[in-house]
K.L.:
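Take this structure, written in structure tokens, and hold onto it; I'll ask about it next.
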Amino acid sequence: MQRRRFVQAVTTAAAAAGTISAQQAPAPAKITTIAPEAAADPTVRFFTAAQFATLKSLSALLQPAANGRPGAIEAGAAEFLDFLIGASPKPRQTLYRSGLDHLDTESRRLFKKPFTEITADQADKILRPLLVPWTFDPPSNPHQRFLADVRADVRTATQNSKEMSQVAATANRRRRGPGGPAPYWLPIDPTR
Amino acid sequence: MPKQIYDVLIVGSGHSGGMAAGVLTQKGLRVLMLNAGPVPDLEKDRVFKPTHELPYRGFGNPNAHLDHVFQANEFNANTWVNEKEVPYSHAPDAPYNWVRVRLLGGRSLFWARQSFRLSDFEFKAANYPGGAGDNWPISLADLDPYYSRVEQQFRVVGRKEGWPQFPDGNFTAGVEGTDSECQKRMTAVANKMGIPVSRMRAALGDNGLASSLNLSIPGALATGKLDIVPNAVVREVTVDKNTGRATGVHFLDRHTRREMHASARVVILAAGTLESTRLLLNSGIANSSGLIGHYLIDQLYGCTVVAAMPEARDGKANPALIGGGLFMPRFRNLGKDEKRNFRGGYCLPMGTGSTPDAKYFPEYGPALQKKLDSYAGACITGGIYGEVLPRYENHVRINKSQQDAWGIPTLHIEARYGENERNLCKDAADTMEELYKACGFEILVKSDKVNPPGYSIHELGTCRMGDDPKKSVLNKWNQSHDIKNLLVVDGSAFVTGGWQNPTMTILALSMRASEHLAEEMGKGNL
Ligand SMILES: Cc1cc2nc3c(=O)[nH]c(=O)nc-3n(C[C@H](O)[C@H](O)[C@H](O)COP(=O)(O)OP(=O)(O)OC[C@H]3O[C@@H](n4cnc5c(N)ncnc54)[C@H](O)[C@@H]3O)c2cc1C
């Protein structure tokens, strides 16, 4: 392109850009959006159907609703953990998968039924031996480790859920501890 | 000829670098500060959010590459050094937690502000039979005037006690308030056991922020003598082959990787203990002693002993009965005749009136909730800050097979705790148990285990100071023995680590070194 034509082309493009921005001058109406959870349900993608069903039953036993506070089911803890564990490193995925499989296998061995169909008392016979007193290092037995982890994870997922925060807000209590508002550091602008 | 030759070039902008910049610019010197990361905007970079609005409900992104940063959470995950970008290595059986921040201000933006002085039990450790390590070339008396000024600047509050192992500071205010019944009982029992009881000492700063970003850098900028270049990743200190003097540094732009050289009459490293050491090792300088990287120290954090006050259980906890903290400074190995199976000491920071973590009860469902309700507000938690022996074997070296995102060779860290640390921890856990039992408390959990080295974020040593150039890297003014116009003013200079959080000492040393440097430059000695 000759220099003169090039300059002309640039000038025309700049003028067009100016026109467009001039047309945008009146501020558009504020566009409001909603979070995906408000419009849609999570898809279970990581665990198998059987594993997820076991996790859901287990979560209800670990963290039931009580005293007007939502439990794991209301808080969608199992659905959230499907996402979290699915995004986690392999060792954590394996711990969860084999931990859930173990519960189901034990249930079928002892009660001839899947974990999802046994009573709370029957489930206790499987869970109780896996619950060990706290030690600084996590249990070396993988099934005990799984139960320690899933117990903590279900609790945190429930406490930090929107459902729990709504209950707290309704009760007009200031949220403290896990789940409460705190300063969140945005990613620092990469160009700064 | 270089475009500009500054009087002093400072690498790093945290507590140590900020203090040096403040002192030197006040003395009229022209200072250049290079910092590896960007300038944070505390207004714009932080927004208040409830946890449920975070993408991972507060668990944090499992792939955030902050594997060793136990302090990271989803709220602050974007502030720490990404371990993929600036990796380091350690043996699989010897984990090390290296916690770093590269924003302007460094870790001073996030520290917990607990503020103590070292005592001569640490500065002159070799003079005591139970001391943990060698002597520093300075004593508390040398550092006292600097501590006083730092404490004033940072507005440290604390209770004066007059105990030699817990030197009083120049406190802005005392610690007020009436003790709860639980605090009173614990104090009486501890005193009977020969354990002194005080209160936490902490820097108030300005509006709760006590960082270089608000306390030292603004003043330095106001002199018109400080230039700051953010996003400048320093790779190497340059030295004139003929004179043996430091001439400046090579750095890379964080975004473009373009390399540049900055020149100065004096170079100060304040990149944080292990980063300054990495820079020296990568530069291959100032190491005639062969000791750069050795005698890595930190502090023991852990030994969890949790108890409950029976009278406060089942909804009976109230502020008159339980609540408030206690701080029990070092009480072991202070006497000449004391015989222990470990050297050094520890303090016991304790809190009362908390609800125990659910993980402490082997229960689930309604039974767990019943326990938590019963113990709500009735608990006493204790842990330790303990001394680690400085050992030659605990060291860092360059890992030639690994480079960071800017092509700079990384560190391999080799640090292990030994028998001394294990025995110390056992003593601490047993002592807490004895104390709680004598108070009539119910022990819920007891562990004498501690977190991996580095967890305290108090990494110290690796360029120890001393009078003998064969046995130390720096002299008592934080100057390299080999290269007089090269200083290291962060925690690398420590000879012993003590049990005390180190930042007040880092700040006092940086202030002292910088004033001495300005004086020497004024006299034309450098
Ligand atoms: C959560 C937390 C709580 C803490 N609590 C306490 C406490 O209560 N009491 C206490 O005494 N201490 C505490 N500390 C420790 C305390 O923060 C440090 O001792 C202190 O901040 C160290 O200051 P520094 O200047 O030596 O290093 P840093 O703050 O690490 O600063 C180093 C600076 O150097 C820069 N840098 C690094 N490498 C390069 C390079 N190659 N090129 C250019 N720049 C570079 C970095 O960007 C950084 O800004 C805590 C730390 C943390 C993280």
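Just so it is clear: chains get the letters A, B, ... in the order the sequence lines come, proteins before strands, and each one is counted from 1.
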K.L.:
Is a donor from one side chain sitting under 3.5 angstrom from an acceptor on the other, for A/Ser161 and B/His52?
P.N.:
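Distance-only check fails for A/Ser161 and B/His52.
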
K.L.:
What part of B/Asp41 gets closer than 4.5 Å to chain A, counting heavy atoms only: side chain, backbone, both or neither?
P.N.:
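Backbone plus side chain of B/Asp41, per the 4.5 Å heavy-atom cut-off to chain A.
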
K.L.:
Measure the shortest side-chain to side-chain distance between A/Phe136 and B/Cys303 over non-hydrogen atoms and say whether it is less than 4.5 angstrom.
P.N.:
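The answer is no, as the side chains (C-beta and beyond) never meet within the 4.5 Å cut-off.
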
K.L.:
Any side-chain heavy-atom pair from B/Asn78 and A/Leu186 closer than 4.5 angstrom?
P.N.:
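No, too far: nothing below the 4.5 Å cut-off.
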
K.L.:
Using heavy-atom distances under 4.5 Å, tell me whether B/Asn231 contacts chain A through its side chain, its backbone, both, or neither.
P.N.:
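Side chain only.
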
K.L.:
Please test A/Arg151 against B/Glu363 for salt bridge (charged side-chain N to carboxylate O under 4.0 Å, His left out), starting from the C-alpha separation and ending with a verdict.
P.N.:
CA-CA 9 Å; A/Arg151 196 178 70 127; B/Glu363 288 293 349; over 6 Å; no

K.L.:
Step through it carefully: locate the ring centre of A/Phe80, locate the ring centre of B/Phe59, and say whether they are under 6.0 Å apart.
P.N.:
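Yes, they do, as the ring centres are separated by less than 6.0 Å.
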
K.L.:
Which answer fits B/Leu54, side chain, backbone, both or neither, if we ask what part of it has an atom under 4.5 Å from a heavy atom of chain A?
P.N.:
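For B/Leu54, the contact with chain A is made by the side chain alone.
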
K.L.:
Could you tell me if A/Asp124 and B/Tyr364 have a donor-acceptor pair between their side chains, going purely by distance under 3.5 Å?
P.N.:
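Short answer, yes.
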
K.L.:
Go through the atoms of A/Asp137 and report whether side chain, backbone, both or neither lie under 4.5 Å from a heavy atom of chain B.
P.N.:
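Answer is side chain: those atoms of A/Asp137 sit under 4.5 Å from chain B.
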
K.L.:
Please work out which of the three classes, parallel, tilted or perpendicular, describes the rings of B/Tyr360 and A/Trp134, given edges at 30° and 60°.
P.N.:
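A/Trp134 vs B/Tyr360 ring planes: perpendicular.
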
K.L.:
Give, as side chain, backbone, both or neither, the part of B/Asn73 having an atom under 4.5 angstrom from any heavy atom of chain A.
P.N.:
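Contact with chain A is absent: no heavy atom of B/Asn73 under 4.5 Å.
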
